Structure formats: C-alpha cells, structure tokens
Amino acid sequence: MPNCDTPGNLILKVAVPVPLDRLFDYLPPLDLRLSELQPGVRVLVPFGKRQQVGVLMAVADNSSFDRDKLKPAIAILDTHPLLSATDISLLRWAARYYHHPLGEVLAAAFPVALRQGRPALLQRQPYFGLSPQGRLVAPEQLRRAPKQQALLTLLQTSGSAMTGTALSTYKSALKALLEKGLVAEQAPVPAAELALAQASLPANPEQQAAIAAVIAKLGRFAVSLLEGVTGSGKTEVYMQIIAKVLEQGKQVLVLLPEISLTPQLEQRFLQRFAVNMVSTHSKLTDKQRLQAWLSMQQGHSAIMLGTRSALFTPLPRPGLIILDEEHDSSFKQQEGFRFSARDVAIARAKGLGIPVLLGSATPSLESMANVAQHRYQLLHLPNRAGNATAPRFQLLDIRNKRMEAGLSEPLLAEVHATLAKQQQALIFLNRRGYAPVQICHGCGWVSRCRRCDANLVIHAADRVLRCHHCGSEQPLLKHCPACKTGELQALGLGTERIEQTLEAVFPDKVVVRLDRDTTQRKGSLEQYLEQIHDGAVDIILGTQMLAKGHHFPGVTLVAILDIDSGLFSIDYHGSERLAQLIVQVAGRAGRADQPGKVILQTRHPQHPLLDTLLSKGYRAFAQSALQERRQAGLPPFGHQALLRVQAGKAEEPQQFLQAVCQAINSLNPGKVQVLGPVAAPMARRAGLFRFQLLLQSPQRKELHQLLDSLLPAIYALKDAKKVRWSLDVDPVDLY
DNA sequence: AGCACGCCGACT
DNA sequence: GTCGGCGTGCTC
C-alpha cells in the first residue's frame, strides 16, 4: 500500500494513561505508514492541552465521537508492537478484574522510560565471561574495541580451560573490568550449550520429586506450590527447573517480594547459568530498567529477576514463572492499580500456556485452599538441608514477670547462655524507633500527630518525634507543652530502646540493629549482614526485615518480644500474618550441629492459634484458620472489594459513600453484602479524613457483576470529584 | 490525573 | 485596581 494515501476512514482506538475508563479515538498521524498500525505500538497523542503516550488498542473504521472533532495522533512511536496480543489480552483482563482504567493498567506494564515516550532501543553491551565449561566467551564486536583488546588477548592466552589459580586470576581481572565498566555482565544471545546448568548439587528425593513434577508440566499451564522451610533447598529446585527451561530455549521470569533479596539470588544464578540475565527493581535507574525490560522483550535475555512490577515484562519465548515467598503481602500493589502479582502471574501463565511455581515456607491461606481444591499441586520439601534440625519453640509467659525494658529475666538468661557458647542471638520486635509514644507524667499529655490519628514516635538518636504514617517531625520535647512542668516519659518499646538496654546488659558484646532507620543508607544492610556472617556480631536486633530471606547460620536463639499485638488484630489477616512471621523468623536460626531455639514472649500462652501453630505446625494452623474463614464467609471462601475514600473534610467521604450505597441499592446487589460506610481504622491520615465501604459476596462472579455496573455509576457521581477514591479488589490490608 | 476556566478575598 | 484561592468541567 502506498504511504501517501489518505488512510480512508481509519480511526485509532488509543488507551491513554489517565483515570478514565475508556479509549480515545484519533485520526492517524499525517506521516503514517500503514505497516505501523498494529495494536501494541505506542502512540503519541494530543490530549487536552498536553501530550500523552498511549497504546494503540485497535484500528476501526468508525467512531462514536463526533468525527470532525477528532484530532490526528502526533506520531506512532514504535515500528513493532511492544506488547503481544496475549499480553494485551492479559492487561485487558486485569483492567476488568481490578476495575481499573485500561490506560493506567497498560502504563504499569511499561518501564518509566517507555511511558515517557523514549525510543525502545536495546543497547547490546559487549561481554566476555567464562562459559560453564571454563571456556572463554567473547563476541566478535569486542575484539574491535581497542580499550579491551589488550586484556582480551591476555585472557585468551590464559587458555581455554582455566582451573585453580588461573581461574581465580581471571575472575578477579574480570571483576575489576566490570567495576570499571569496561565490560558488562550481559552475555551474547544465549547459546544452547551455555544454558545448561553446571555443577548441580545432588538433589535429595523430595527435591528430585519437586523438580520432576514441574518439569513434567513444562509447555502447559499448571500451578505448583513448593512448600519448603528455610534451608530446605528451594533455590536448588528452582535452578534445576530453570536449567531445563533454558535448555529448551525458553525464558524464565522470577518474582521476589523485595529488592533486598534480589542480589542474593542474582549471585547464585550468575554462578550457575551462563545465559543473559537481567534484574529489575526500584533501585535501578530508569535507563537500566528500560534495558532490562527490552532485553527480555527482544528475547536477548533468558532470565529476569524482579519485584512485582516485573510481572508484565513481555516474553517472546515464555517458559516458566516463579514467584518466591508467595505469601508475602508486598506482591499486592497498595496504590493506583492494586493488583496481586501472584494472582495475575497465574492468569498470565494460563494465557501463555506455561507453568507457575509458587514457593514459600508458609504458604498463604489462599494457596493452601487452592491445593485442597486440587487447583494447585503441592510439592513439599520437609527437610532442612544437611540434616539441620527444626528449631524448638518455647512460649514464655511474661505475666507478672519482671521485665527489663521488654526483655523478661528468663529471656535475658537465655541470651546470656547463648552468648557464652559463642553463638548468636536474634531478637525481633516489629516496632522501630525508641518508644511508640511520649507521655507527660504530670498531666497525661501524649505526643499526637497533628495530621493523623496516630502518636508521634520517639526517635532518640535523631532527637525527634516522628509520625510513621505521614512522616511529619518535631524536635524531641524537654518539657510538657501542656502543663509546662510535668516530666516527659517514653512509653512502650521500640528497637532503638531495646538496643540501648541490650548494650547496657551486655556491655562487652556487639549488638547490631537492623530496621529501616539503620539500613536506609545504600549498602548498609549488606554491610551488616556481612558482619553477622563473619561472626563479628553477637546480638542481632531488628524488625520485619529480619523475617525475610537472610539466613543466619550462627544464630541459635531467636526471641520474638511481643506477639500479643498480632493475636488480637482487627484485620482478619492478622493471625495468618503472625503465624507466617513466627515461622519465618524461626527459620533464620539453627544449623546442623546446633538446633535453634525460638522463644515467644506472650501474655496469652493458652491462645489457640499459638497452641496449634507450635504443637502441630504451620499446616495445621492453616487448616484451622481456613476453617474459621469458611465459617465466617471470609476469603478465600468469600470475595471482597473495598472502596476507600479520603478528603479534607469529614463530610465529603461520607456523602460520597452514601451516594455509592444508593447506587448499589438501585443496581440489584443480590447476595453481595454491603458493610459500611465506616471510618477507616485510622480515620485521619496526613490531614485527610478516611472512610471505607466493604463489599463481600460468597460468589466472585456476583461481586464482579455488581462492580461492573457500579463503577460507571461512581465515575458519574458528582461527589466523586470532591474526594479521592479507589477500589481495592481482593484487599489484603483492610486499613 | 492534569489543566483550564471562573468567580470572590488581601495585596503590590 | 490585580494576584490567586480552589470548585467545576473536560480530555478523542
């Protein structure tokens, strides 16, 4: 077809990244080449007074919009679609399922650079490295790069199969070059021989069974749940399955809950696989993330490691999706397009016809229920590698016990005994700062945040009172601002205070505190972890982040200082999270020759949750928790959607939700229960008043049908303009 | 979401 | 007399 032809009646249907749930129609750009008009290309369009980068969804010959009001698109930005038809249908499905505007959902699939309209240009980087067989790998292009020529010659003369010192010389030379940026870690297009896994560890029978089970499913959709305690060798299972996928020339997407776990796994994969591998997470620059995305999208890399947002990376040769620590709530996006990376990963694999492997020591109740219903296959790794024994649990009843700043005397004695044996102790408290509130002994004044329904937390080292919800700060007070005379006291415990106590009680021991405040600086977490592994640390103290990933083989005593707050949570997810936390923290400890001990301080030693978990294990806990959920009609037996609203004045969210309730009543809600409107558990945050409405139904279909008709009605509400509202389908956090 | 337009209070 | 507050409306 000639390029100069007026393209007749062609109308471009474009998804634009704005919170409007519809497509926008455009005339083709003036310099159009018809070959470019494929769904999945980016289109630069005029949008009101500004320009937007949208995605072409379809080309039609008609528009419901007034034809002479249509504007021509400015340019088609890609010569080939960046998203395949399968990717687009997944994103369409996700937009429908989460009831989120398609344009914004599509935007979430692209790295920022592409959203901004940057060219989709993959810069292939020079590379050389060792093949698994010890052979030198270098693409031709490198030989022409004068800078590297000398070194390349040197390396080539070092022989094709290096061993011993030659190998380590080579490796350190390579490392130096990598640091100077003279070579990149990216290998050339993967050759089948390089994809083969090397030096695989001998798998135990359970590992072999798990590996075989997933390999048997390659090439079709299936979900497997790998339940394996810390140290049971899940990563080895992943790697042997990945090796098989690579052998078939396919790509693997590995999703992890957070950045800090990526380097660890990256290291192990780099040692094992000689294919191109990329990782992507929020600490990389936009350019790096673009390159990683394109490298997968263009089939140049075979493995991508990444967090939640990596899920939508296009895969021309999809083979397998692995989602590690599948129970982790950070797989659920908590703002904007609130998708569950786990659930969408499964939908994606279904569309691609490939298997998904979910891994966890403490699978989510949803996944356990799916196993019970034979939707997922359960693969179990019951044993810790190297015959390490499981830790012993001890409930420490602290009622009426003497406490030293949150640490009971029996616990301190255990810490003493552990340190005396030159072993490490790990102490967990999920509250950072010095103390959660400051109180006046004279008049009862407490340090409240002016903008939130929350107390200001004492941060002694920074000498500030800080709100953990909006970030506002004020200097630490010396005198009560209310009565001017009363003595101000720190009430309650945070990690900073425990650190002080531990340093006072164990003056000759090294205490390291790991929380957001001590690990904010880049690389500081890694530095601390190294010290801990080198045995330079006696007591490790910290929050949440201790529960994730990192294993501490020198630790034989784990103490969880306060589990009671998790026992009586208002959110029904609380008990599941507590059980997962206990098992995960416990998993940090112990080794073959020294079983670990886990002490849980509680004032509720008879609590049934603790009893089931500690006497019968996580699976039994999950069974009984699921039983409770079933009786209450809660997920996964019921289905929920939460409408959250906030605004500057308290009446606005209430009015809005009342209008929404009216709309629901006019829409025949059927069996869908409407709970609320109620004030959010934290009714005011960052100066905004927050309310919510929970919709719940025994049938997912019914809930979604209601939402389908409710959302247009909400968009049309006049009150909707006065508030900030968002819909959370399958909420995991009811706050 | 942006970004305009539009109609009422304290300032160069 | 204007600068600017944020209510309301629109984006093909």
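A quick note: this is a predicted structure, and the numbers were derived from the prediction, not measured.
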How would you label the contact of A:L20 with the nucleic acid (heavy atoms, under 4.0 Å): base, sugar-phosphate, or nothing?
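Answer is base: heavy atoms of A:L20 come under 4.0 Å of a base.
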Please classify the nucleic acid contact of A:Y26 as base, sugar-phosphate, or nothing, using heavy-atom distances under 4.0 Å.
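Since only primed, P, OP1 and OP2 atoms lie under 4.0 Å of A:Y26, the category is sugar-phosphate.
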Could you list by number each residue of residues 41-64 of chain A showing a heavy-atom separation from DNA chain C of less than 4.0 Å, or answer none if no residue does?
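Per residue number, the list reads A:P46, A:F47, A:G48.
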So, does A:R432 use its side chain to make a donor-acceptor pair with the main chain of A:H459 at under 3.5 Å?
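No, the answer is negative, given that no donor and acceptor are paired below the 3.5 Å cut-off.
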Polar side chain donor-acceptor pair, A:D25 to A:S63, under 3.5 angstrom:
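On atom types as modelled, these side chains qualify, holding a pair under 3.5 Å.
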Under 5.5 Å between ring centres and under 30° between planes: true for A:F24 and the base of C:dC12?
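Taking the rule of under 5.5 Å and under 30°, the ring of A:F24 does not stack on C:dC12.
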Check this for me: does any side-chain nitrogen of one of [X] and [Y] sit under 4.0 Å from a carboxylate oxygen of the other?
{"X": "A:D453", "Y": "A:R685", "value": "no"}
{"X": "A:E473", "Y": "A:R466", "value": "yes"}
{"X": "A:R348", "Y": "A:D87", "value": "yes"}
{"X": "A:D733", "Y": "A:R338", "value": "no"}

Less than 6.0 angstrom separating the ring centers of A:F312 and A:F339, yes or no?
yes
Kindly state whether the ring of A:H704 and the ring of A:H639 have centres lying under 6.0 angstrom apart.
no
Taken to the nearest 0.5 Å, the spacing of A:Q580 CD from A:L365 CG works out to 7.0 Å
In whole angstrom, give the distance that lies between atom CG of A:D66 and atom P of C:dC12.
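Spelled out: CG on A:D66 to P on C:dC12 is 13 Å.
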In B/S/- notation (B base, S sugar-phosphate only, - none; protein heavy atoms under 4.0 Å), nucleotides 3-10 of chain C written 5' to 3' is -----S-B
So among A:R342, A:R308, A:K548, which one has a side chain to side chain donor-acceptor pair (under 3.5 Å) with A:D328?
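Going through A:R342, A:R308, A:K548 one by one, the side chain to side chain donor-acceptor pair (under 3.5 Å) with A:D328 is satisfied by A:K548 alone.
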Contact span of DNA chain B against chain A, any nucleotide atom under 4.0 Å from a heavy atom, 5' to 3', runs B:dA1 to B:dC3
